[in-house]
Amino acid sequence: MVYVKTEKQIQAMRECGKILRDTLLKAQEFIKPGVTTKEIDKFCHRYIVSRGGKPSCLGYMGYPAATCISVNEVVVHGIPDDTVIEDGDIVSVDIVVFYKGVHTDAARTFCVGNVSPEKRKLVKVTEESFFEGIKHIKAGSRVGDIGSVVQKYAESFGFGVVRDLQGHGVGCEIHEDPGIPNFGKAGTGEFLKEGMTIAVEPMITMGTFEVSVAEDGWTVFTDDGQPSAHYENTLLITKDGVEILTL
Ligand code: MF3
Ligand code: CO
């Protein structure tokens with residue numbers, strides 16, 4: 001189901017998005033070698049609640065934590081546990097916040113300590129692919145206009161673009177239509193309308209784009225064990241562009 005948001009819902013999403021943005025900024029300060037992913041989760045959970053929000057993921061389809069924390073070769077949906085963050089890790093933190101009846105969704109990948117130049121490059125290109133992908137998007141654009149640019153950009157550096165997961169509409173629910181793939185052809189797919197809110201989230205790998213899901217039913221990892229990065233924001237489609245709600 002595609003939901004076009006009312007002005008009231010959009011205003012709530014702006015506020016919700018600020019809570020989420022601030023949570024990710026706080027998480028960035030908190031993450032150091034020696035902390036566990038569970039401690040990061042607890043820290044983010046407390047912060048969201050202190051701002052009057054709720055972590056949407058907790059209990060969503062049985063998901064057991066407030067956040068998704070994905071280290072190195074884990075692409076997305078890593079379940080916080082006793083894993084200890086080490087110097088040189090890249091750590092993706094993906095959070096959905098619920099506030100005033102709406103959800104926003106965003107993720108960052110943080111470099112911890114002495115990260116290799118190749119991994120740093122992966123993180124940077126992943127972030128850049130997001131901004132390239134949305135650069136020319138506005139009401140009347142099509143879903144394929146985003147993915148085609150993300151794919152071209154990431155692949156031009158020799159990186160892989162994960163196909164099995166995609167961005168999505170977000171706001172009234174965590175996952176709404178349309179799906180927003182990070183690959184494809186410009187000028188194809190659903191049209192984006194003014195007032196739609198979508199999460200655009202490139203998941204880029206250093207090697208193969210092939211991924212699998214672990215036995216826990218959640219953790220998505222690269223088949224070749226190479227690192228992967230994730231960058232995501234929720235955005236509002238406007239008449240002449242987009243407004244990023246989680247930045
Ligand atoms: N941002 C993630 C996604 O879009 C998190 C969803 S909540 C979870 O898939 F419960 F599925 F983790
Ligand atoms: Co998402």
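Values reported hereafter were calculated over all heavy atoms of this structure, with side chains retained and with hydrogens, waters and symmetry mates removed. The shown structure was predicted, so the numbers you read here are calculated from the model rather than taken from an experiment. Remember, it's 1-based here, ligands and their atoms both numbered in the order they're listed.
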### Task
Please check if the side chain of N182 supplies one atom and the backbone of E201 the other of a donor-acceptor pair under 3.5 Å.
yes
#### Entry: Name of the D105 atom (N/O/S only) found closest to the Co ion (ligand 2)
OD2
### Task
Please write down residue, atom name and distance for the protein heavy atom closest to atom 11 (F) of ligand 1.
W218 CZ3, 3.2 Å
### Atom name, H168 (N, O or S, nearest to the Co ion (ligand 2))
NE2
### Short N or O distance, H175 and ligand 1, threshold 3.5 Å exclusive
yes
#### Entry: N/O separation below 3.5 Å, H77 to ligand 1
yes
#### Entry: Side chains of P181 and V143 in contact at under 4.5 Å (non-hydrogen atoms)
yes
## Note on the structure
For D105, the ligand 1 atoms with a heavy-atom partner under 4.0 Å come out as 1 (N), 4 (O)
### NZ/NE/NH1/NH2 to OD/OE distance under 4.0 Å, K5 and E176
yes
### Distance from atom 2 (C) of ligand 1 to nearest protein heavy atom, with residue and atom
D94 OD2, 3.2 Å
### Message
Quick check: H168 and ligand 1, any N/O pair under 3.5 Å apart?
### Response
yes
### V49 and its side-chain contact (heavy atoms from CB on, under 4.5 Å) partner, picked from R46, H45, R51
H45
#### Entry: Crowding at CZ, R120 (>12 non-hydrogen neighbours, <6.0 Å)
yes
### Query
What's the atom name of the N, O or S in E232 nearest to the Co ion (ligand 2)?
OE2
### Query
Would you say F221 and V211 are hydrophobically clustered, going by side-chain heavy atoms of ILVMFWY under 4.5 Å?
no
#### Entry: Stepwise side-chain contact (heavy atoms from CB on, under 4.5 Å) test for T36 and D81
CA-CA 7 Å; T36 66; D81 60 11; over 6 Å; no
### Message
Could you identify the N, O or S atom of E201 positioned closest to the Co ion (ligand 2)?
### Response
OE2
### Query
Do the two ring centres, one from F209 and one from F159, sit under 6.0 Å apart?
no
### Task
Could you tell me the residue and atom name of the protein heavy atom closest to atom 12 (F) of ligand 1, and the distance to it rounded to 0.1 Å?
C68 SG, 3.1 Å
### Query
Where's the contact between C57 and ligand 1, heavy-atom distance under 4.0 Å: side chain, backbone, both or neither?
both
### Option from I79, I69, T83, D82 for which side-chain contact (heavy atoms from CB on, under 4.5 Å) with K38 holds
D82
### Message
Out of all atoms in ligand 1, which are within 4.0 Å of some heavy atom of E201? Include the element for each.
### Response
4 (O)
